[in-house]
Amino acid sequence: MELWLLNHTPAAPLAVLVVGGFVLLALAGSVLAARRFPALADGEHNEMVGVVLGMFGAIYGIILAFVIVNLWTELQDTGRVVSTEATAVSQIARDARAFPPATREALYAAVHGYVHAVVEDQWPLMRAGKGDSAVTTRALDGMYGALADYQPETPSEQAFYAKALDSLNDVAAQRRARIAVSHGQLPTLLQVLIFGGAVVITLTTFLYGIRSQRMRLLFVGSVAALVGFSLLLVIVLDRPFSGYMSVSPQPFKDSALARFW
């Protein structure tokens, strides 16, 4: 459900759904709590509730900030992995110009198959959280096969051959890293802490007594909006290949790889 929403809902509607939904639930809960326990409006326990809310808010804020910064860093690192992989494939295509026509065309065909397999076959799977290494295995083996069948003779060919082989090894390493990231997400215990903490803090705001219903709803709604937006960031950043902030496959279509499209 989470992945479907990320992949099929634009940014603004998704924000309204997550943040707005959380705020509406918090406001509805506050109204129900005030009706069920009218004595809360007297604010008799405001001092204690304020201390507890401040303590919970500080601890939860530190944890939430750590998680969001970590997820943002991972998103940037994933972008670099994709860019590095595409650059290595691009370098192979460039080095192939120094090879004989038969080898060059065989390597071009293998590169063509690889970039199309990554963008057209593997990327949709990664968006759905099902990145499968088997999808690009044959295409990767095709590039290895094209180089294995070639025996460089001149010093120039040997130099370009060595560079192409190094680039191909980089492709294999970055491909494995990219697929591994597509399967990753926050550990279950950390998810329970993040989403459970949001519920606890919101429920705690219900206990803070304010006689004016408008002010009480404004207080609860403000806290819920802040927490809801933070949860939205966690949901979006936790899936680097899904949603409107996802890593793009565009590097596999740029530079020397543009000719294969």
Looking at [X] and [Y], would you say the former's side chain and the latter's main chain have a donor-acceptor pair under 3.5 Å?
X: Ser246; Y: Gly243; value: yes
X: His112; Y: Leu257; value: no
X: Ser83; Y: Gly79; value: no
X: Ser167; Y: Ile92; value: no
X: Thr136; Y: Ala139; value: no
X: Ser90; Y: Ala86; value: no

Under a plain distance cut-off of 3.5 Å, with no hydrogens placed, do [Y] and [X] share a side-chain donor-acceptor pair?
X: Arg239; Y: Ser182; value: no
X: Thr84; Y: Arg80; value: no
X: Asp254; Y: Gln250; value: yes
X: Tyr161; Y: Glu153; value: no
X: Arg178; Y: Gln122; value: yes
X: Tyr144; Y: Asn169; value: yes
X: Arg35; Y: Ser30; value: no

Would the number of heavy atoms belonging to other residues, nucleotides or ligands and lying under 6.0 Å from [atom1] of [X] be above 12?
X: Phe229; atom1: CZ; answer: no
X: Trp72; atom1: CH2; answer: no
X: Phe160; atom1: CZ; answer: no

Nearest heavy-atom neighbours spanning [X] and [Y]:
X: Glu85; Y: Val171; answer: O-CG2, 4.0 Å
X: Ala198; Y: Phe22; answer: O-CZ, 4.0 Å
X: Gly129; Y: His183; answer: O-ND1, 4.0 Å
X: Val82; Y: Pro251; answer: CG1-CG, 4.2 Å
X: Ala26; Y: Thr202; answer: CB-CG2, 3.6 Å

Given the rule that I, L, V, M, F, W and Y join up when any side-chain heavy atoms are under 4.5 Å apart, are [X] and [Y] in one cluster?
X: Val192; Y: Leu186; result: no
X: Leu203; Y: Ile210; result: yes
X: Ile68; Y: Tyr244; result: yes
X: Val115; Y: Leu147; result: yes
X: Val223; Y: Leu233; result: yes

So do the side chains of [X] and [Y] get within less than 4.5 Å of each other, counting heavy atoms only?
X: Val31; Y: Leu217; value: yes
X: Lys130; Y: Pro124; value: no
X: Val236; Y: Leu14; value: yes
X: Leu168; Y: Leu140; value: yes
X: Thr9; Y: Leu17; value: no
X: Gln191; Y: Gln185; value: yes
X: Pro240; Y: Val181; value: yes
X: Met48; Y: Val51; value: no

Could you give me the CA-CA distance, side-chain angles and deciding distance for Ser212 and Arg216, then say whether side-chain hydrogen bond (donor to acceptor under 3.5 Å, both in side chains) is met?
-> CA-CA 6 Å; Ser212 171; Arg216 183 176 68 252; over 6 Å; no
In Å and rounded to the nearest 0.5 Å, what is the [atom1] to [atom2] distance from [X] to [Y]?
X: Asp121; Y: His116; atom1: CG; atom2: NE2; result: 10.5 Å
X: Asp95; Y: Leu107; atom1: CG; atom2: CG; result: 9.0 Å
X: Met245; Y: Leu6; atom1: CE; atom2: CG; result: 11.0 Å
X: Gln151; Y: Thr103; atom1: CD; atom2: OG1; result: 9.5 Å
X: Leu64; Y: Leu231; atom1: CG; atom2: CG; result: 7.0 Å
X: Ile201; Y: Phe206; atom1: CD1; atom2: CZ; result: 12.5 Å

Parallel, tilted or perpendicular for Phe241 and Trp123, by the 30°/60° rule?
-> perpendicular
Take the angle between the ring planes of Tyr150 and Phe99 and call it parallel below 30°, perpendicular above 60°, tilted in between.
-> tilted
Quick one: is the NZ or CZ of Arg138 closer than 6.0 Å to the six-membered ring centre of Tyr114, and within 45° of its axis?
-> no
Hey, mind stepping through Val52 and Leu207 against side-chain contact (heavy atoms from CB on, under 4.5 Å) and telling me if it holds?
-> CA-CA 11 Å; Val52 172; Leu207 303 178; over 6 Å; no
Decide yes or no on side-chain contact (heavy atoms from CB on, under 4.5 Å) for Lys253 and Val119, but give the supporting numbers first.
-> CA-CA 9 Å; Lys253 299 181 179 181; Val119 175; 3.7 Å; yes
For the pair Val69 and Glu74, evaluate side-chain contact (heavy atoms from CB on, under 4.5 Å) and give the outcome as yes or no after the intermediate values.
-> CA-CA 9 Å; Val69 169; Glu74 288 183 0; over 6 Å; no
Could you walk me through whether Tyr60 and Val200 pass side-chain contact (heavy atoms from CB on, under 4.5 Å), step by step?
-> CA-CA 10 Å; Tyr60 182 73; Val200 170; over 6 Å; no
